[in-house]
Trainee: 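The following block contains the structure, expressed as structure tokens.
Heavy-atom basis, side chains included; hydrogens, waters and symmetry copies ignored. In the text below, chain A, chain B and the rest are named by the order of the sequence lines, each starting its count at 1.
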Amino acid sequence: MNTIIVNKELCNGCKKCFQACFIDVIKWDAAAKKPIIAYPEECVQCMFCELNCDQGAIKVHPKYESYLFPRESLV
Amino acid sequence: MSERMNTDVLVVGGSIAGLATAITAKEQDPSLDVTVVEKYTSGYSGKANRGAGIMLVLGDHTPEEFAQFYLKHIGLYLNNQTTLLKYASMLNSGAEAIEKWSGKVDKDENGKFRTLKWASKMVGKDETGRPIWDQNVPYPWTLVAIDLDYVREVRKYARKAGVKFVDRVGMVDLLTDGGKVAGMVGYDIDSGEQRVFGAKSVVLACGNQCWRVMPMWSAARGEGVAAAFRAGAKFANCEFGSFYNWTNLDHFESNMGVEYALYNDKGENVGLPLIKEVHPDISADVLVEWYKQTIAGNGPLHYRMHENPLMPVLSSVLGSQAVHNRPYADRFWGYMFFNAFSQETNDHVVPGLVGEFGGLWVDENMATTIPGLFSAGDLCVQGSRAWGATAQPGRHRGSGIGFATFSGRVAGPSAAAYAAGAQALSLSDEQIAAVDKRVTASLKSSGSMKPLEMVAEIQKVMQPLGNSLYRHEDRMKKALARVDELKALLPRLKADDPHQMFGVNECEATLLCAEMFFKASLERKESLGWFLREDYPEQSPDGLQWITVQNKDGEVSVGKERVPLETYPFRP
């Protein structure tokens with residue numbers, strides 16, 4: 001699965017990564033004011049969390065070989 | 001007791017179609033309460049900000065020129081020409097509307113929208129290094145470019161205009177009263193709490209079904225299709241919901257223009273001979289050729305990207321400031337697209353199912369067949385029948401934002417006018433309890449199957465080209481039988497939290513969509529445009545007909561309606 005890393009020193013709790021995720025991979029820890037990478041196995045590497053983080057505090061490392069795709073069911 | 005909220009106009013879905021709807025509903029009648037409910041976060045959700053960011057406009061061409069070209073080369077007269085002409089006549093003003101709503105549409109030094117036609121040829125560069133284009137191409141439309149943060153900006157505009165927003169609540173079913181829409185039931189995707197909305201009119205703008213195969217389209221999981229079907233709405237052109245892009249198994253991002261440079265393993269160009277004189281976009285015939293070559297043992301198929309004549313346009317428009325000034329889009333394509341393409345280890349190319357299955361029937365005012373229920377965006381593209389015999393994006397790129405903006409600007413005033421003349425209806429506790437029982441069953445299930453395991457099984461039915469594009473009765477019946485087997489497994493799906501509860505609801509919606517797709521496909525016994533059958537290779541002599549789908553006593557019921565060509569301005 002993709003690796004999504006949050007730098008908790010750089011993260012200022014702005015919530016943009018959580019808002020930017022269009023398929024609920026990222027949840028929000030309201031008490032800690034930090035994102036929770038809850039469902040990394042569902043991430044489709046759209047990169048919107050990384051793109052929208054003004055702090056440069058979140059990075060996505062796609063692992064394309066584990067992307068859920070029916071490789072044996074093409075024809 | 002769930003939390004209840006009343007509004008006049010309820011818009012389900014907060015991407016560009018929903019926002020266009022909400023803004024224009026509020027503009028039409030500022031006294032109305034207009035509320036957008038979004039499963040994720042409006043402004044970031046949906047597909048409209050994750051694509052090329054190009055939007056179709058007519059430029060100097062007339063709606064009639066556009067319609068005549070479109071009918072002849074793309075829609076093949078399976079169109080509702082009234083809606084097609086209305087769509088065409090509102091494209092230029094759609095780009096102006098996005099700019100008015102604070103979206104950044106790229107402009108030239110004279111303050112005019114900078115346009116570039118699809119398939120233009122680069123003929124040189126000016127003294128500043130900008131490309132010079134020969135735009136003498138046979139398509140009566142052109143494209144503008146919008147920076148991809150526009151949906152977020154349009155949301156801000158909508159909020160200032162008085163539109164209310166409820167984020168993180170996903171719709172699971174509509175509520176009706178006496179055959180009219182009365183509201184909807186949703187759940188908070190974080191807490192799982194039920195949220196019930198009463199409304200005088202409802203607009204479904206929550207996207208279509210893309211089978212969760214290709215990455216950019218992953219969020220389109222068909223809940224709007226399923227809710228409208230269960231409420232009794234009519235559908236049409238469902239059999240066209242199987243768009244494919246070309247992709248590479250190293251990264252799953254899309255290639256455009258592959259048909260110009262598609263080679264079999266013997267080194268023969270097998271795409272170019274099939275491209276007709278006018279080739280507006282990806283060819284279903286070439287996709288079928290990929291299938292035939294693969295079956296014949298001539299694979300893998302290779303894509304010689306350097307021979308693709310579209311590359312100058314693609315590489316200049318996307319992720320480059322060479323043509324358009326779009327800093328956010330440039331970063332997006334830089335982060336995502338070029339990283340993906342850098343992973344390629346070979347030139348093999350395969351079809352990747354995009355889908356774009358919608359089909360919710362709407363008239364030219366975006367009204368569905370249920371009083372008070374309207375639609376906008378991808379969910380009703382095919383059901384509007386504006387585009388005829390083609391898959392979304394309608395073989396004219398830039399049409400996604402074009403149709404979303406058009407249909408939203410029609411649905412908003414329609415829904416506002418309806419709400420202004422309607423009374424609030426009663427919400428049925430019985431209906432709400434039945435929805436709750438259906439949706440929360442997965443939390444109480446004794447099964448152990450996870451939603452993602454079901455997604456993988458559904459993918460295996462929908463992705464094969466021989467099932468979903470180059471169809472045959474035998475293969476479709478087998479696919480339907482497998483869909484039935486998977487439906488029987490639904491009670492074994494287990495959700496541990498609200499996220500997975502939504503996942504199960506999505507799987508149920510996806511299997512319903514699959515059933516609608518194959519049943520409608522079996523009914524069309526011909527090949528027409530994007531719809532191709534191995535067992536019926538010719539167009540039917542019976543005349544042009546729309547295949548309709550509707551809920552009859554809980555079953556998927558298929559019918560036919562003749563296209564009323566005699567009432568339209570243009571004939572084959």
Side-chain angles (χ1 to χ4, degrees), chain A residues 1-7 13-75, chain B residues 15 39-47 49-50 148-149 152 167-168 189-190 212-219 221 247 249-253 290-291 294-295 299 328 331-332 335-336 339-340 343 350-353 452 455-456 459-467 470 497-500 502-503:
Chain A
M1 72 180 84
N2 293 351
T3 305
I4 307 169
I5 303 166
V6 179
N7 182 325
C14 78
K15 247 180 161 175
K16 279 187 187 165
C17 58
F18 163 71
Q19 293 168 337
C21 183
F22 76 145
I23 49 173
D24 201 33
V25 167
I26 303 176
K27 293 286 192 185
W28 190 248
D29 182 338
K33 294 186 179 172
K34 300 288 180 224
I36 302 166
I37 311 304
Y39 302 98
E41 69 277 17
E42 296 185 31
C43 172
V44 296
Q45 62 274 347
C46 81
M47 313 303 274
F48 251 46
C49 53
E50 187 171 329
L51 175 66
N52 282 284
C53 179
D54 298 329
Q55 306 299 309
I58 187 164
K59 297 284 174 198
V60 180
H61 181 70
K63 191 173 180 188
Y64 295 98
E65 59 266 39
S66 63
Y67 179 70
L68 184 64
F69 189 95
R71 291 165 181 74
E72 307 303 318
S73 305
L74 299 177
V75 293
Chain B
S15 189
K39 184 177 175 187
Y40 306 109
T41 302
S42 171
Y44 293 100
S45 59
K47 296 176 264 188
N49 48 12
R50 284 170 174 80
L148 286 171
D149 57 359
R152 198 177 67 198
D167 287 323
R168 310 293 295 177
I189 194 168
D190 299 311
R212 223 170 147 174
V213 175
M214 293 283 277
M216 179 193 131
W217 293 266
S218 182
R221 299 175 183 180
T247 191
L249 294 178
D250 284 335
H251 56 69
F252 309 100
E253 291 303 327
W290 176 93
Y291 173 90
T294 303
I295 295 278
Y328 184 93
R331 284 175 56 218
F332 169 69
Y335 272 87
M336 191 275 290
N339 179 30
Q343 310 293 322
V350 301
L353 179 64
L452 270 190
V455 170
Q459 285 185 342
K460 290 176 196 166
V461 182
M462 299 309 302
Q463 161 68 30
L465 208 88
N467 286 357
Y470 192 46
D497 57 25
H499 174 91
Q500 291 180 353
F502 271 96

Trainee: For A:Phe22, what residues pass the ring-ring contact (aromatic ring centres under 6.0 Å, His included) criterion, not counting sequence neighbours?
Mentor: none

Trainee: Apply side chain to side chain contact (heavy atoms under 4.5 Å, CB included) to A:Cys17 and list each qualifying residue two or more places apart in sequence or on a separate chain.
Mentor: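 So A:Cys17 forms a side chain to side chain contact (heavy atoms under 4.5 Å, CB included) with A:Ile26, A:Pro35, A:Cys49, A:Ile58.
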
Trainee: Could you work out all donor-acceptor pairs shorter than 3.5 Å where one atom is in chain A and the other in chain B?
Mentor:
unit_1  : atom_1 : unit_2   : atom_2 : d
A:Ala20 : O      : B:Arg50  : NH2    : 2.7
A:Asp24 : O      : B:His499 : ND1    : 3.4
A:Asp24 : OD1    : B:Arg168 : NH2    : 2.8
A:Asp24 : OD2    : B:His499 : ND1    : 2.6
A:Lys27 : NZ     : B:Ile189 : O      : 2.9
A:Lys27 : NZ     : B:Asp190 : OD1    : 3.0
A:Tyr39 : OH     : B:Asp497 : OD1    : 3.3
A:Tyr39 : OH     : B:Asp497 : OD2    : 2.3
A:Glu42 : OE1    : B:Arg212 : NH2    : 2.9
A:Glu42 : OE1    : B:His499 : NE2    : 3.2
A:Glu42 : OE2    : B:His499 : NE2    : 3.0
A:Leu51 : O      : B:Arg331 : NH2    : 2.9
A:Asn52 : OD1    : B:Arg152 : NH1    : 3.0
A:Asn52 : OD1    : B:Tyr328 : OH     : 2.9
A:Asn52 : ND2    : B:Tyr328 : OH     : 3.0
A:Tyr67 : OH     : B:Val213 : O      : 2.6
A:Leu68 : O      : B:Gln459 : NE2    : 3.3
A:Leu74 : O      : B:Leu465 : N      : 3.0
A:Val75 : O      : B:Gly466 : N      : 3.1

Trainee: Of the backbone (N, CA, C, O) and the side chain (C-beta and beyond), which part of B:Val213 lies under 4.5 Å from a heavy atom of chain A, both, or neither?
Mentor: both

Trainee: What part of B:Phe252 is in contact with chain A, defined as an atom under 4.5 angstrom from a non-hydrogen atom: side chain, backbone, both or neither?
Mentor: side chain

Trainee: Side chain, backbone, both or neither: which part of B:Met216 has a non-hydrogen atom closer than 4.5 Å to chain A?
Mentor: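 Contact with chain A: backbone only.
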
Trainee: Just so I understand: if I count every heavy-atom pair under 4.5 Å between each of B:Gly43, B:Ala456, B:Pro464 and chain A, which residue has the most?
Mentor: B:Pro464

Trainee: Taking side chain as everything from C-beta outward and backbone as N, CA, C, O, which of these in B:Met214 sits under 4.5 Å from a heavy atom of chain A? Side chain, backbone, both or neither.
Mentor: both

Trainee: Heavy-atom cut-off 4.5 Å, strictly under: side chain, backbone, both or neither for A:Cys43 against chain B?
Mentor: neither

